[in-house]
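For reference, the structure is listed below as structure tokens.
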Amino acid sequence: MKQLSKIQSMLFLAGGALMVIGAGCFAFLWQQQVACWVFLLGALLFAVMQMMQSYEGRDITLMRLKRIQSLADILFIIAGILMVDNVFGFFRPLFSNMIDYVTYVSNKWVVVLLIAAILEVYTVHRIDHELSKKNIKE
């Protein structure tokens, strides 16, 4: 795995912290107009830095896990966009009536965030396991 520089690692950690702060503030109804943007900024930082940490080897398992991790990163960003839409309603004009909007878009950021978090936890543990197994054999 390609290691991140110190600045990139700090941005990665800051992105994760911003995601937690933004989601927590949004869930507890505290300054949602700001919290949604904090989460989206954190998701962007986290995703970009994690995608920069590429795998340069030929192990198929690790390549698959990095692709799944990239999918989780994209889902984090989509969750942030849906969170911003939940506050400001940018996607409302795309729907013919309010019932369709509520059915298909409103508060769906929670589901997308949950799926992304599950994929992220799975891939982080599996990548760590695969790398430690690889280092033991060498």
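Remember, it's a predicted structure, so these values are computed and weren't measured experimentally. The first residue of the sequence shown is numbered 1, and numbering continues consecutively from there.
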Next item on the list: Return yes if some donor-acceptor pair links the side-chain N/O of K66 with the main-chain N/O of I127 below 3.5 Å, else return no.
Entry: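 Such a contact is absent between K66 side chain and I127 backbone.
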
How long is the span from the [atom1] atom in [X] to the [atom2] atom in [Y], to the nearest 0.5 Å?
X    : Y    : atom1 : atom2 : result
S106 : D100 : OG    : CG    : 12.5 Å
R64  : D59  : CZ    : CG    : 9.5 Å
Q8   : L45  : CD    : CG    : 11.5 Å
K2   : S54  : NZ    : OG    : 5.5 Å
Q32  : F88  : CD    : CZ    : 10.0 Å
L62  : E56  : CG    : CD    : 12.0 Å

Hey, are the side chains of [X] and [Y] touching, using non-hydrogen atoms and a 4.5 Å cut-off?
X    : Y    : value
W109 : C36  : no
L13  : M49  : no
F26  : V110 : no
D85  : Y101 : yes
L40  : M83  : no
E120 : L75  : no
Y104 : F95  : yes
T61  : L65  : yes

Using the rule that two of Ile, Leu, Val, Met, Phe, Trp, Tyr join whenever any of their side-chain heavy atoms come within less than 4.5 Å, decide whether [X] and [Y] are in one cluster.
X    : Y    : result
V102 : L94  : yes
L18  : F28  : no
I74  : I115 : yes
L44  : M52  : yes
I78  : I118 : no

Item checked: R92 vs M98, side-chain contact (heavy atoms from CB on, under 4.5 Å): CA-CA, chis, key distance, verdict -> CA-CA 7 Å; R92 276 190 200 131; M98 190 65 172; 3.7 Å; yes

Note to self: Tell me every residue that passes side-chain contact (heavy atoms from CB on, under 4.5 Å) with M10, counting only those two or more places apart in sequence or in another chain.
What the structure shows: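 In terms of side-chain contact (heavy atoms from CB on, under 4.5 Å), with neighbours along the sequence ignored, M10 is linked to no residue.
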
If you compare all heavy atoms of [X] against all heavy atoms of [Y], which two are closest, and at what distance to 0.1 Å?
X    : Y   : value
L119 : A72 : CB-CB, 3.9 Å
A43  : I77 : O-CG1, 4.1 Å
A47  : D73 : CB-CB, 3.6 Å

Next item on the list: Please collect all ring-ring contact (aromatic ring centres under 6.0 Å, His included) contacts where either partner lies in residues 48-83, sequence neighbours excluded, each pair once.
Entry: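 Passing the test, one end in residues 48-83: F46-F76.
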
Margin query: Assess the residue pair V105 and F90 against the criterion (side-chain contact (heavy atoms from CB on, under 4.5 Å)); give the C-alpha distance rounded to whole Å, side-chain angles, the decisive distance to 0.1 Å, and a yes or no.
Written below: CA-CA 11 Å; V105 179; F90 295 131; over 6 Å; no

